[in-house]
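For reference, the structure discussed in these notes is given below.
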Amino acid sequence: MEQERVQSFTRSGGCLWGKCYNVPDTGETECGEGGFWGDGTADGQSPSELRLSSSDIQLIKERLDIVDLIGDRVRLRRSGRNYIGLCPFHNEKTPSFHVSQERQNYHCFGCGRGGDVFTFVMETEGLDFPQALELLAARAGVTLSKGTGKKKRDGSLYEVTDLAARFFSAQLRAPEGAAGRAYMERRALTERDAARFGLGWSSSSWDSLLRHLREAGVSDRQILATGLAVEGQRGGLYDRFRGRLMFPIRDIAGRVIAFGGRLVDGEGAKYINSPEGEIYSKRRTLYLLHEARKAIRERGRSILVEGYMDALRLHLCGFPETVASLGTSLTEDQARLLKRFSDRCFICYDSDAAGQEAAIRGMYILQGLGLDVQVVTVPSGKDPDELLSSPGGSLAFEEALQNARPLILQHLVSVRESLASPQTRRAGVESLMGGLIQLDPSSIAPYGAELAGALGLYPHEFWRELETFRRKGGGVLRPVPAPERDDSEEEEKKPAPDPLESALCSLLWRGGELRRRVRPEEILGLLSSERVREVAMAILMESPETLEARWLSLGDSWPLSIISGGDAFCDELTDSSRTAPSGTTPWEVVCAALRRRRDEGRLRELDARMKRGEATAEDLTEMRALAAELKRRN
């Protein structure tokens, strides 16, 4: 039966599912699963388009490192040849999510999810394949071939913001940017610095950017959607940013999503920023995170400042782990972004009262999400940019980092003056207690005696007062972290593929010579799962590059999860202390185990038939032969 299916499959030209057949009298080929035909067409896509898509996929995978990509969302640590972390697809406390840099794929031993860079982006971001292809192509710097990616309607908003960023950058170098260049000189920023961070200039004209974008074919709807223009009271549009040094704001993938503009002379708001819209959410963005993420992971800490110039200066002075919060109110979404890369964060806001108060609020949000937060006090009432621009500034800032205080002690220092005065004592106590109730008691315990002394209480009285305040709520809104997603409760669990059968598919996928020499009818007979057989059949008949393009464009990540699960099993097999006989390959080990399981299952079936008195003479002969063969293998 299997041999007939293989022959039918071969005649059809190679179906994804192995269910293609030739329609009598027409010479046409149809597929029982609505899949792709052997010529590579589907849903009106021509063979040349599919080949181009496959080529683009491979080029993107060559340029991207899956560890960096997944590391943007999951904090990974090295474990042997692979990296491990908490699975982003289900709720777990012990890491079971493995990422292979060697094979450029991932697999979770807890929920069974697996795949490559494309499936990860599709599943975590909720994108279809064309959207994921477009996003990853931009990240990898790959220009998609004709016929691939998302069909263009009137361009994407990311293209509009990128066009604006390039226009601002050109304006800074042009005669119109003289005021911007003069301001940069006063702030000790060079042309090289401007190029590194994409700084630009918006001229004082009311419509210079507007005219440029319209000439490039950008619609008014898109210009408004990106916040680059404002609609006047009498109708018509005008530029939002005029006469300002421009700071492009990028998402974690490095795409321009918004701008900040700094007034360099004249009257008006010192800074104005893009409004929130389709591609920009202030609460989910950290300035320079796309530049800082690698340094944060390597140094095991992030430095959080308030403004653009502070962040730029710290990067220029040897602190590339710095990001800016785009305002004084730190959000939980920003805190979660930081936690992806490191558990330790140094908050360094301005030394004025408002800055310190913002630092305290941000500390509790971060600490409540499990980060170790330290508050940096910049000496002499300066902001980080001013300190670092002065002689010896880098050494002074490094010293400030070393003298940073943890959350509780910094808060205690900030309210000591209030606690000393009868008129302000209540406000000081409420501020301190309101912060402490957001923390786990184990985080407070090391400072319990000092806190009790500052409040004029015995330690046991302090803990009692804290519990009373906690029950009352203290009049303070506590940040409540969003519950972790547990997909096992939201969707019906799919049966996990058998590890041995997954390993067979994995070895076929990665072994070109192996695919050419194995006999399909023998291999397929070792597999008990119908879906795994279909995947194995497809691998035997098509190249991995073509198959991957097809699976991804169908939105079916299950075959790739089988392969990644098989890779993980083969890694364990290789690393296991239970070594195979000398000269035995992983393929031989896997096939031998599958044959043994198949034969043992058949033996149990025949034995049950014999006990029911239903066995024929042929069954008994087969049973004796199987028993002898299994004994010989032992």
Side-chain angles (χ1 to χ4, degrees), residues 75 187-189 193 196-197 286-330 334-414 416 435 439 443 446-447 450:
R75 194 150 53 85
R187 301 300 295 266
L189 291 174
D193 298 335
R196 173 181 172 183
F197 296 105
L286 288 165
Y287 179 62
L288 291 187
L289 181 58
H290 70 290
E291 292 273 358
R293 60 188 178 183
K294 184 177 180 181
I296 294 173
R297 190 183 292 127
E298 291 175 349
R299 299 191 177 191
R301 73 182 185 191
S302 59
I303 299 174
L304 180 64
V305 295
E306 182 180 351
Y308 303 109
M309 284 302 303
D310 290 339
L312 290 182
R313 186 67 62 196
L314 280 161
H315 274 254
L316 293 171
C317 291
F319 300 92
E321 68 271 34
T322 304
V323 297
S325 61
L326 302 173
T328 56
S329 298
L330 185 65
Q334 292 171 325
R336 290 191 182 91
L337 277 175
L338 289 175
K339 188 170 170 58
R340 290 183 192 175
F341 305 101
S342 173
D343 278 335
R344 201 169 190 215
C345 178
F346 288 76
I347 297 183
C348 182
Y349 282 172
D350 292 351
S351 298
D352 59 23
Q356 288 297 310
E357 184 62 28
I360 295 295
R361 290 197 303 269
M363 285 168 64
Y364 282 112
I365 292 175
L366 288 169
Q367 193 88 18
L369 289 172
L371 283 89
D372 172 22
V373 182
Q374 308 283 319
V375 171
V376 181
T377 301
V378 179
S380 305
K382 298 179 178 179
D383 61 31
D385 178 37
E386 292 172 329
L387 176 64
L388 289 161
S389 298
S390 61
S394 294
L395 290 176
F397 188 80
E398 185 62 55
E399 185 177 348
L401 288 175
Q402 294 173 4
N403 294 330
R405 295 190 185 97
L407 162 63
I408 294 172
L409 294 185
Q410 176 63 29
H411 199 177
L412 184 57
V413 167
S414 69
R416 276 194 188 277
L439 305 181
S443 300
Y447 314 103
E450 189 169 353

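These numbers come from a predicted model, not from an experiment. All values below were derived from every heavy atom in this structure, side-chain atoms included, with hydrogens, water molecules and symmetry-related copies excluded.
- Here CD of Glu291 is found 10.0 Å from CG of Leu312. Values are rounded to the nearest 0.5 Å.
- When all heavy atoms are compared, the tightest approach of Ala188 to Asp193 is O-OD2, 4.1 Å.
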Would you be so kind as to tabulate the donor-acceptor pairs closer than 3.5 Å made by side chains of residues 390-408, with sequence neighbours excluded?
from: Ser390; atom 1: OG; to: Leu387; atom 2: O; distance (Å): 2.5
from: Asn403; atom 1: ND2; to: Glu399; atom 2: O; distance (Å): 3.3
from: Arg405; atom 1: NH1; to: Gln410; atom 2: OE1; distance (Å): 3.2

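- In this structure, CG in Leu286 is found 7.5 Å from OG in Ser325, a value given to the nearest 0.5 Å.
- The two atoms that bring Ala324 and Gly307 nearest to each other are CB-O, 3.6 Å, heavy atoms only.
- The two residues Cys345 and Leu366 make their nearest non-hydrogen contact at SG-CD1, 3.8 Å.
- Phe341 and Arg293 make their closest contact through CE2-CB, 3.6 Å (heavy atoms, listed as atom of the first residue, atom of the second, distance).
- With rounding to the nearest 0.5 Å, the separation of CZ in Arg336 from CD1 in Ile365 is 10.0 Å.
- Nearest heavy-atom pair, Ser342 versus Leu371, reported as atom, atom and distance to 0.1 Å: O-CD2, 3.8 Å.
- Proximity of Val375 to Phe346: side-chain heavy atoms (C-beta onward) are nowhere separated by under 4.5 Å.
- Side-chain contact between Tyr364 and Leu439 is present, with at least one heavy-atom pair separated by less than 4.5 Å.
- Going from atom CD1 of Ile360 over to atom CG of Leu330 covers 12.5 Å, rounded to the nearest 0.5 Å.
- Considering only residues two or more places apart in sequence or on other chains, Thr322 meets the side-chain contact (heavy atoms from CB on, under 4.5 Å) condition with Ile303, Val305, Ala311, Leu314, His315, Phe319.
- With sequence neighbours excluded, the residues that form a salt bridge (Lys or Arg N to Asp or Glu O under 4.0 Å) with Asp372 are Arg344.
- The CG atom of Leu338 sits 11.5 Å away from atom CZ of Arg75, with the distance rounded to the nearest 0.5 Å.
- Sequence neighbours left out, the pairs with a member in residues 312-322 that pass salt bridge (charged side-chain N to carboxylate O under 4.0 Å, His left out) are Arg299-Glu321, Arg301-Glu321, Arg313-Asp385.
- For the pair Leu316 and Leu189, the minimum side-chain heavy-atom distance is below 4.5 Å.
- For the atom pair OG (Ser389) and CE (Met309), the distance works out to 7.0 Å, reported to the nearest 0.5 Å.
- Evaluation of the side chain to side chain donor-acceptor pair (under 3.5 Å) rule for Arg297 yields no partner, not counting sequence neighbours.
- Inter-residue side-chain proximity for Val413 and Thr377 is flagged as unmet; no heavy-atom pair is nearer than 4.5 Å.
- Taking every heavy atom of both residues into account, Gly370 and Asp343 meet most closely at O-OD1, 4.2 Å.
- Not counting sequence neighbours, Tyr287 has no partner by the side chain to side chain donor-acceptor pair (under 3.5 Å) test.
- For Arg196, there are no salt bridge (Lys or Arg N to Asp or Glu O under 4.0 Å) partners at least two apart in sequence or on another chain.
- Every pair tested for ring-ring contact (aromatic ring centres under 6.0 Å, His included) that includes a residue from residues 366-393 fails, sequence neighbours excluded, so the list is empty.
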